[in-house]
Amino acid sequence: KNEVEQSPQNLTAQEGEFITINCSYSVGISALHWLQQHPGGGIVSLFMLSSGKKKHGRLIATINIQEKHSSLHITASHPRDSAVYICAAPGRGSQGNLIFGKGTKLSVKP
Amino acid sequence: NAGVTQTPKFQVLKTGQSMTLQCAQDMNHEYMSWYRQDPGMGLRLIHYSVGAGITDQGEVPNGYNVSRSTTEDFPLRLLSAAPSQTSVYFCASTPRGTGHQETQYFGPGTRLLVL
């Protein structure tokens with residue numbers, strides 16, 4: 001079974017700061033997912049990546065396959081970025097299902 | 001497209017009652033899944049389906065049943081509710097059968113309280 005660990009669990013930042021959230025997994029994967037859970041509870045997919053880096057607006061996701069590690073960066077953070085960020089990786093022998101990390105709760109203060 | 005819809009948004013049950021959580025998607029997605037989210041834990045897979053007529057168990061299937069008679073609908077049945085099933089339930093879908101290699105589309109969630 002793939003183990004997915006996120007750090008930190010909680011993160012408080014001032015508006016404008018550069019933010020990094022980390023994710024490590026134990027089993028080699030085909031794709032790693034980053035998701036955002038809004039304060040209201042809804043979950044949206046941010047990125048799916050299997051190598052290198054992806055960028056969408058102020059969000060950047062990177063992955064190092066050899067080290068089994070991924071990071072989510074937020075540049076010029078804003079209070080509207082406050083949310084729980086979740087990474088997920090395929091479970092071993094799981095027929096395509098995902099194992100989710102416990103999430104990182106981000107709070108950006110104005 | 002409405003995307004993935006779930007009903008009800010919130011439900012209170014008494015121990016021993018049964019109910020069905022509804023999930024529907026209008027994107028013609030093959031893969032659908034049910035997760036539960038509990039405080040301090042990651043989303044955990046309950047049941048999933050890779051297509052109409054095909055379902056399988058996930059990590060925490062006990063106490064739940066599913067069926068997939070159409071591509072659009074994937075209801076989750078609680079057979080005899082227990083307080084341990086108090087949770088927030090999310091339905092998700094992906095276009096093809098390989099869920100882990102595709103973008104996940106989530107429903108808004110159903111908050112269930114079992115007394």
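Reminder, nothing fancy here: chain letters follow the sequence lines and each chain counts from 1.
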Region of Leu43(B) that comes under 4.5 Å of a non-hydrogen atom in chain A: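 Both backbone and side chain.
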Part of Phe90(B) within contact of chain A (heavy atom distance under 4.5 Å):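 Just its side chain gets close to chain A.
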Hey, quick one: are [X] and [Y] part of the same hydrophobic cluster, counting side-chain heavy atoms closer than 4.5 Å, chains of contacts allowed?
X	Y	result
Phe18(A)	Ile21(A)	no
Val4(B)	Ile43(A)	no
Leu112(B)	Trp34(B)	yes
Leu21(B)	Met32(B)	yes

Largest heavy-atom contact set with chain A, pairs under 4.5 Å, which of Gly109(B), Gly40(B), Pro108(B), Ala92(B):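 Between Gly109(B), Gly40(B), Pro108(B), Ala92(B), the count favours Gly40(B).
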Straight-line distance of Phe100(A) CZ to Gln37(B) CD, nearest 0.5 Å: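 Nearest 0.5 Å value for the CZ-CD distance: 9.5 Å.
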Separation between CG of Leu98(A) and OH of Tyr48(B), rounded to the nearest 0.5 Å: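 Output value for this atom pair is 12.0 Å.
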Heavy-atom closest pair, residues Ser45(A) and Gln104(B):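 That closest heavy-atom pairing would be CB-O, 3.5 Å.
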Nearest heavy atoms of Thr103(B) and Met48(A), plus distance in Å: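 Heavy atoms of Thr103(B) and Met48(A) come nearest at N-SD, 4.0 Å.
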Atom CD of Gln9(A): over 12 foreign heavy atoms under 6.0 Å: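 No, because the 6.0 Å sphere around CD of Gln9(A) holds 12 heavy atoms or fewer from other groups.
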Enclosure of Arg44(B) CZ (heavy-atom neighbours >12, cutoff 6.0 Å):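 Yes, the 6.0 Å shell around CZ holds more than 12 heavy atoms from other groups.
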Check: Phe106(B) and Leu35(A) side chains under 4.5 Å, non-hydrogen atoms: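 Result yes, sub-4.5 Å side-chain heavy-atom pair found.
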